[in-house]
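Below is one structure, written out as structure tokens; the observations come after it.
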Amino acid sequence: MLLHLSDISSEPLHAQISRQIRTRILSGTLEEGEALPSIRAMAREQHVSVITVQRAYDDLQREGLLNSKKGKGLFVATLSGERKLELAIDRLIDDIEPVIHGALESGVKKRQI
């Protein structure tokens, strides 16, 4: 799985991994039931630590995007179209809130935003 990770980004590596996998799941590039590389394989492939990949996978499992099958690995969870949209909107809100708050703190009026 090809991911684009940057050491110079302010976003931690585990967050970059989970964000890119989340995007692929929500867009349908990674399909329901599709297996993800093992933690060790992903770490080796991306030149990051096993702990970094574990944190990313844990985040995605907590969000309900991945399911673990004991002894078999991690797989893309079954998500309805509604759930995918809900998750995408949640992400949008998380991303845009700091920008809006920053603008308000800088003196930009609500109607201008």
Side-chain angles (χ1 to χ4, degrees):
M1 175 180 300
L2 180 64
L3 300 177
H4 303 285
L5 304 179
S6 172
D7 290 331
I8 60 173
S9 172
S10 61
E11 182 180 32
L13 288 171
H14 78 276
Q16 291 178 52
I17 293 169
S18 58
R19 177 179 46 79
Q20 291 180 40
I21 293 173
R22 181 184 307 103
T23 298
R24 290 178 183 191
I25 292 170
L26 295 178
S27 71
T29 306
L30 281 174
E31 297 179 0
E32 171 185 323
E34 191 170 338
L36 267 66
S38 71
I39 292 169
R40 281 182 170 57
M42 177 69 87
R44 199 171 31 255
E45 200 175 282
Q46 300 302 321
H47 306 288
V48 297
S49 77
V50 170
I51 295 167
T52 298
V53 176
Q54 178 69 55
R55 288 177 70 188
Y57 281 6
D58 286 348
D59 289 345
L60 294 167
Q61 281 186 282
R62 272 192 298 280
E63 290 178 43
L65 294 170
L66 298 180
N67 289 326
S68 177
K69 294 183 183 175
K70 199 164 193 123
K72 297 194 187 261
L74 286 165
F75 298 84
V76 176
T78 301
L79 299 169
S80 68
E82 272 183 38
R83 181 67 180 138
K84 283 183 180 183
L85 180 59
E86 183 181 304
L87 288 167
I89 290 171
D90 287 347
R91 276 290 142 201
L92 173 64
I93 291 168
D94 288 346
D95 291 345
I96 205 166
E97 271 184 346
V99 175
I100 291 171
H101 289 298
L104 290 169
E105 289 172 357
S106 297
V108 178
K109 304 292 180 208
K110 285 183 182 180
R111 64 179 165 70
Q112 293 171 312
I113 292 173

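Here, residue 1 is the first one in the sequence, and each next residue gets the next number. These numbers were taken from a predicted model, which means no experiment stands behind them.
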Worksheet entry | Non-hydrogen atoms of Arg83 and Leu79 that approach each other most closely | CG-CD2, 3.8 Å
Worksheet item: Apart from Ile8 itself, what residues make up its hydrophobic cluster when side-chain heavy atoms of I, L, V, M, F, W and Y under 4.5 Å apart count as a link, directly or indirectly?
Response: none
Discussion item. Run the side-chain hydrogen bond (donor to acceptor under 3.5 Å, both in side chains) test against Ser80 and tell me which residues pass, sequence neighbours left out.
Written reply: none
Worksheet entry | With Glu97 via salt bridge (charged side-chain N to carboxylate O under 4.0 Å, His left out) - residues at least two apart | none
Worksheet item: Can you get from Tyr57 to Leu87 by hopping between Ile, Leu, Val, Met, Phe, Trp and Tyr side chains that sit under 4.5 Å apart?
Response: yes
Discussion item. Running the 4.5 Å side-chain criterion over Ile, Leu, Val, Met, Phe, Trp and Tyr, what cluster does Leu92 land in, apart from itself?
Written reply: none
Discussion item. Under the rule for side chain to side chain contact (heavy atoms under 4.5 Å, CB included), what residues qualify as partners of Ala88, not counting sequence neighbours?
Written reply: Leu26
Solution key, residues 37-54 side-chain donor-acceptor pairs under 3.5 Å, sequence neighbours excluded:
unit_1, atom_1, unit_2, atom_2, d
Ser38, OG, Ala41, N, 3.0
Glu45, OE2, Met1, N, 2.6
Gln46, NE2, Met1, O, 2.8
Ser49, OG, Ile51, N, 3.4
Ser49, OG, Thr52, N, 3.1
Ser49, OG, Thr52, OG1, 2.9
Gln54, NE2, Asp58, OD1, 2.7
Gln54, NE2, Asp58, OD2, 3.4

Discussion item. List the residues meeting side-chain hydrogen bond (donor to acceptor under 3.5 Å, both in side chains) with Glu31, not counting sequence neighbours, and say none if there are none.
Written reply: none
Discussion item. Hydrophobic clusters here meaning ILVMFWY residues chained together by side-chain heavy-atom distances under 4.5 Å, can you tell me if Leu36 and Leu3 are in one?
Written reply: yes
Response to the item:
Sorted by chain and residue number, the side-chain hydrogen bond (donor to acceptor under 3.5 Å, both in side chains) partners of Arg55 (sequence neighbours excluded) come out as none
Discussion item. Under the rule for side chain to side chain contact (heavy atoms under 4.5 Å, CB included), what residues qualify as partners of Thr78, not counting sequence neighbours?
Written reply: Glu32
Donor-acceptor pairs are to be reported for all side-chain atoms of residues 104-113 against protein atoms at under 3.5 Å, with residues two or more places apart or in another chain.
unit_1, atom_1, unit_2, atom_2, d
Ser106, OG, Gly102, O, 2.9
Gln112, OE1, Lys109, N, 2.8

For residues 63-74, which side-chain donor-acceptor pairs fall under 3.5 Å, sequence neighbours excluded?
unit_1, atom_1, unit_2, atom_2, d
Glu63, OE1, Arg22, NE, 2.8
Glu63, OE2, Arg22, NE, 3.4
Glu63, OE2, Arg22, NH2, 2.7
Glu63, OE2, Arg91, NH2, 3.3

Worksheet entry | Qualifying residues under side-chain hydrogen bond (donor to acceptor under 3.5 Å, both in side chains), relative to Arg62, sequence neighbours excluded | Asp59
